[in-house]
Structures are given as structure tokens and as C-alpha cells.
S.K.: 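Here you go, one structure.
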There are 2 protein chains.
Amino acid sequence: MTRTYAQMCLVARAMDVLGERWTLLIIRELGLGPRRFSDMLDGLPGIGTNLLSARLKHLEHHDVVTRIPLGGPGHSHAYQLTERGEAITPILAGLAQWGAGLEAPPTDYADRTRWALFAMRAGAAEAGAVFDTVTELVVGEETFWMYGDGTQNQLRVGPAPVRPGLRLSCSRATLHALAAHRVSVAAAAASGDLTVDGDIDTATAFFAVFALPETAADVAKPRRGKKRR
Amino acid sequence: MTRTYAQMCLVARAMDVLGERWTLLIIRELGLGPRRFSDMLDGLPGIGTNLLSARLKHLEHHDVVTRIPLGGPGHSHAYQLTERGEAITPILAGLAQWGAGLEAPPTDYADRTRWALFAMRAGAAEAGAVFDTVTELVVGEETFWMYGDGTQNQLRVGPAPVRPGLRLSCSRATLHALAAHRVSVAAAAASGDLTVDGDIDTATAFFAVFALPETAADVAKPRRGKKRR
DNA sequence: CGGTATCCGCAAAGATACTG
DNA sequence: CAGTATCTTTGCGGATACCG
């Protein structure tokens with residue numbers, strides 16, 4: 001270990017393991033299932049390969065992350081959260097919830113669809129809601145799938161490995177609008193912004209569970225009537 | 001703002017505000033009520049006055065902390081969490097809960113009674129339990145008081161401002177033993193390690209609610225039968 | 001592809017002296 | 001008591017070179 005707080009306090013000891021820069025964001029990336037080194041670089045713009053490598057070793061040493069072989073072309077492998085690593089998810093959800101209260105960020109910040117999905121799941125976790133139907137989302141070029149494992153909702157990158165009970169297809173902007181409840185599923189489906197493959201009531205229920213926390217921007221600029229004149 | 005992740009992700013944006021070294025520990029200290037600069041130094045051994053000063057300014061700027069005047073001798077003042085700052089408490093509780101799973105720290109780490117109380121409260125928060133009776137704790141030279149505010153349990157430094165419904169007095173070691181359920185209230189009271197001023201059943205209920213999360217040390221070395229031979 | 005290693009410039013952290 | 005100022009040390013960011 002490098003720099004420690006040297007306190008018995010459990011918060012301090014957790015921060016001794018998780019408190020270095022990038023560490024929690026690395027765990028966020030792995031919260032969407034096993035990922036390869038280069039996949040993670042995409043979700044951590046600016047990290048530098050040396051730091052990512054050092055952090056992963058550190059987390060592996062503290063039983064937060066494991067390397068798993070990836071039977072494919074070449075001797076490649078991926079990183080995966082351990083059980084103890086998965087236990088960090090509620091903390092990340094809490095941070096996302098709290099972060100929703102901050103003022104709107106500069107528009108040039110990096111954005112990924114999976115981060116919005118992560119925040120949506122945080123909203124569901126806060127409410128203690130579990131969505132049972134296996135759902136596949138196609139947002140732009142990317143595909144995700146979500147399912148309730150009985151206790152909480154899981155979120156994974158890639159196509160669903162089983163036939164999903166619900167399939168939604170839209171742009172990232174429409175996803176945001178639906179999750180923030182600025183537009184209804186019926187309206188988005190009618191306008192063609194959203195394609196629903198399955199029961200439309202189930203789709204409505206999906207966005208009732210996976211609601212984006214109200215942002216400070218929503219509070220500051222409450223939209224009434226028409227928008228953008 | 002200085003170093004930012006420049007991501008739209010709500011977790012990253014929360015970490016932009018809270019992620020610097022010492023920041024969450026400062027909030028931990030303020031979670032026990034308003035504190036003066038020098039009080040905080042005691043709970044943050046090794047921080048350096050410049051860093052504490054810089055962090056407090058930063059947190060004040062982001063509406064996590066406010067300065068409040070302290071009508072007393074001299075022109076002194078204290079720092080206090082804002083509503084948004086208080087909202088970070090569940091995140092700290094989650095970190096404490098997670099930190100309990102780590103292996104036992106070196107024995108030369110700094111220790112404070114309030115950190116143990118903080119972890120006990122985290123255990124109660126996890127279980128969703130609220131303890132209504134205003135309780136005063138005298139541990140060694142220090143006095144604390146706790147109360148349920150309807151939603152969650154609050155923890156404060158100093159003597160209770162109202163007559164407490166329960167008053168407990170013991171050493172820090174006994175507090176740990178009681179909270180970890182290694183010894184019962186009845187046994188501790190009988191041996192004189194614990195003084196109960198109030199109903200003994202209420203005292204038992206207190207330690208049922210404020211249980212210390214099981215540590216990795218407890219799991220690794222399960223005590224069976226007699227202890228310390 | 002999947003990293004590790006090294007170097008440099010800079011910003012943040014640590015330590016301590018000093019001031020209102 | 002409540003900080004500010006200053007100096008040193010460490011960690012991070014970014015680039016690039018290298019290896020299985």
C-alpha cells in the first residue's frame with residue numbers, strides 16, 4: 001500500500017483501498033460485466049495505460065477484481081468484479097444519486113450511454129425497485145441488456161444471451177427524455193423516436209422503475225408548457 | 001475546480017467534488033455536528049492545516065459545508081454540513097459497511113471513539129433501524145449522545161442537551177465488545193464494565209440496533225467457547 | 001491486441017514556519 | 001485559535017517506447 005490514512009475508522013480504511021484517483025470509476029466500468037483492458041480505456045478517457053494497470057493490480061491485490069481467461073483468439077483475458085467488488089455497487093449508486101444534485105456540467109464533457117443507464121439503475125436501487133423482465137436496449141450503435149436477479153437490477157453490455165421479454169430501441173437523447181419523464185413511452189413510440197418490441201405497458205413500467213434522478217438543471221429550469229419556444 | 005474527470009457520468013461528477021484526498025473524512029468529522037478547525041485536526045491526523053483549509057473552502061463553494069458563527073469568547077466560528085452535505089452520510093455508511101470486510105489494520109493506526117460510534121450507526125442505517133430513545137454515552141473521558149430524528153439516527157459529540165432516556169458509561173474496549181455482541185449488556189453491567197442509567201432492556205435494545213458490522217477478523221478467527229484462554 | 005516500463009512536466013499532498 | 005505562506009516530495013497526466 002502506498003499512502004494510507006492510518007486510521008482505524010472503517011470509512012478511512014475503505015478509502016485506503018478505494019480512494020485513489022480513478023479507482024471508483026474503474027469499478028463503475030466493471031459493474032457492467034467483465035471488460036478487457038482496452039474496453040475500460042474507452043470508459044476512462046485520460047487515464048493513461050500505466051495508471052489503469054497499476055489500479056487493476058491494486059484492486060486485484062485487495063480482492064476487488066479478478067482476471068478471468070477469455071477463451072477466444074489469442075491469449076486474451078478480462079477483468080471482473082469479485083463478490084466484494086460487487087458490494088461496492090450500492091456506494092456508486094449513492095454517489096450517482098448525490099451527483100444528480102450538482103449543477104449541469106460543461107457540454108464538452110465525455111458522455112457514454114452506459115453512464116446514463118448506470119444512473120437509471122441507481123434511481124431504481126434508491127427506490128428499492130426490481131424490474132424482472134429481461135430487457136434489451138439498443139441505443140444508437142450500442143446494445144445493452146438488463147435483468148433483475150431477484151435482489152437488484154443488473155446491467156450488462158452487449159446483446160441479451162436469452163430472448164428478452166422487452167426490446168427497446170432509441171437514440172441516446174430519447175433515452176434521456178424517457179428516463180427523465182419528459183416524454184411518455186406512448187408519445188415516443190408514436191413519433192417513431194422509440195421502437196418497442198414487446199408489451200408497451202411493460203415498456204412504460206420500465207421507465208417508471210429506471211427513472212433518472214431529477215437533476216439540479218431540471219429544478220433550476222422547470223419547463224412549463226412548450227419548450228425551446 | 002481543479003482536476004476533473006470531465007465526464008457527464010453522475011458518479012464521476014460526484015467524485016469531482018468529493019474525490020480529493022481527505023474530503024470524505026472531513027465530511028465524516030462534520031457528520032457528528034458542527035466542529036471548529038482545531039477539532040477537525042484532531043480527527044484528521046496528518047492532514048496539515050493548509051489542506052484542511054483548502055478543502056473546507058472547496059466544500060463551502062460547492063454547498064456541502066457552511067461556516068457558522070459561534071457566539072463565544074473571541075470571534076470564533078465552526079463548520080457545519082449543509083443539507084446537501086448531510087445527504088452524503090449514507091455514502092459514508094456504505095463505505096464503513098464495506099470497510100468492515102477488510103482485514104484487520106495495523107495496531108498503531110489512530111483510533112477515536114467517535115469512529116466506532118460512526119460505524120455502529122452505519123450498521124443501524126444498513127438495517128433501516130431507528131432508535132428513538134435519546135441516549136448519552138460516556139466512553140472514557142468523552143461524552144456523546146444519539147437520537148432518532150424519525151428517519152435516521154443522529155450522533156453528536158458532547159453531553160445531551162436534554163435529559164437522556166438512557167445513559168451508558170463504559171471504556172472503549174467494552175463499547176467494542178458490546179457492539180460486536182461479544183458480551184451481553186447484562187454481563188457487562190454485572191461485571192461493572194458497563195454502567196447503565198436507565199432501563200436495562202432499553203440498553204440491550206440499543207446494542208441490538210447499533211451493532212458493529214462483523215469484521216473480517218471476526219470471520220477469520222471465529223471465537224468458540226472461552227476467549228483469551 | 002494487451003499490456004509493461006520509462007521519462008518528463010506539473011499539480012496535489014505533506015511538512016513546517018509564521019502571522020492576525 | 002485559525003488559519004496563510006512556503007518549501008519539499010509524491011502522484012498524476014501524457015507521451016512514447018517496448019515486449020509477449
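Just so we're on the same page: letters track the sequence lines, and every chain starts at 1.
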S.K.: Under 4.0 angstrom, heavy atoms only, what part of the nucleic acid is A:G46 near: base, sugar-phosphate, or nothing?
M.R.: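 Sugar-phosphate contact only.
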S.K.: Out of C:dG14, C:dA5, C:dG3, which has the shortest distance to the side chain of B:R21?
M.R.: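 Looking only at heavy atoms from C-beta outward on B:R21, the closest nucleotide is C:dG14.
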S.K.: Does A:K57 make a side-chain N or O approach to OP1 or OP2 of C:dA5 shorter than 4.0 Å?
M.R.: no
S.K.: Consider the side chain of B:L51, meaning its heavy atoms from C-beta on, and name the nucleotide among C:dG3, D:dG3, C:dG14 that approaches it most closely.
M.R.: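 My answer, after comparing the listed nucleotides, is C:dG14.
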S.K.: Can you tell me the distance, in whole Å, between the CG atom of B:L41 and the P atom of D:dA2?
M.R.: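 Rounded to whole Å, this separation is 9 Å.
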S.K.: Is a side-chain donor or acceptor of A:R55 paired with a backbone partner of A:R21 at a separation under 3.5 angstrom?
M.R.: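 Present.
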S.K.: So which nucleotide from D:dA2, C:dT6, C:dG3 ends up closest to the side chain of A:N50?
M.R.: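 Closest of the options to the side chain of A:N50: C:dT6.
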S.K.: Does A:S38 reach a base, just sugar-phosphate, or nothing at all? Heavy atoms under 4.0 Å.
M.R.: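 Touches sugar-phosphate only.
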S.K.: Can you tell me the distance, in whole Å, between the CG atom of A:L52 and the P atom of C:dC1?
M.R.: 16 Å
S.K.: Give a yes or no answer on whether the side chain of B:R28 reaches the backbone of A:V11 with a donor-acceptor pair at less than 3.5 Å.
M.R.: no
S.K.: Measure from the side chain of B:R55, starting at C-beta and using heavy atoms only, and say which of D:dA5, C:dG2, C:dA12 lies closest.
M.R.: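 Of D:dA5, C:dG2, C:dA12, C:dA12 is nearest to the side chain of B:R55.
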S.K.: Check whether any side-chain N or O of B:R114 sits under 3.5 Å from a backbone N or O of B:E29 as a donor-acceptor pair, and report yes or no.
M.R.: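 Not confirmed, B:R114 side chain does not pair with B:E29 backbone.
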S.K.: Picking from D:dT10, D:dG3, C:dG2, which would you name as closest to the side chain of A:R3?
M.R.: D:dT10
S.K.: Quick check for you: among C:dC1, D:dT4, C:dA5, whose closest atom lies nearest to any side-chain atom of A:R36?
M.R.: C:dC1
S.K.: Given C:dA13, C:dG2, D:dG13, which nucleotide is nearest the side-chain atoms of A:H77?
M.R.: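 Looking only at heavy atoms from C-beta outward on A:H77, the closest nucleotide is C:dG2.
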S.K.: Can you tell me if B:T82 uses its side chain to pair, donor with acceptor, with the backbone of B:V64 under 3.5 Å?
M.R.: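 Flag set: sc B:T82 to bb B:V64 pair under 3.5 Å.
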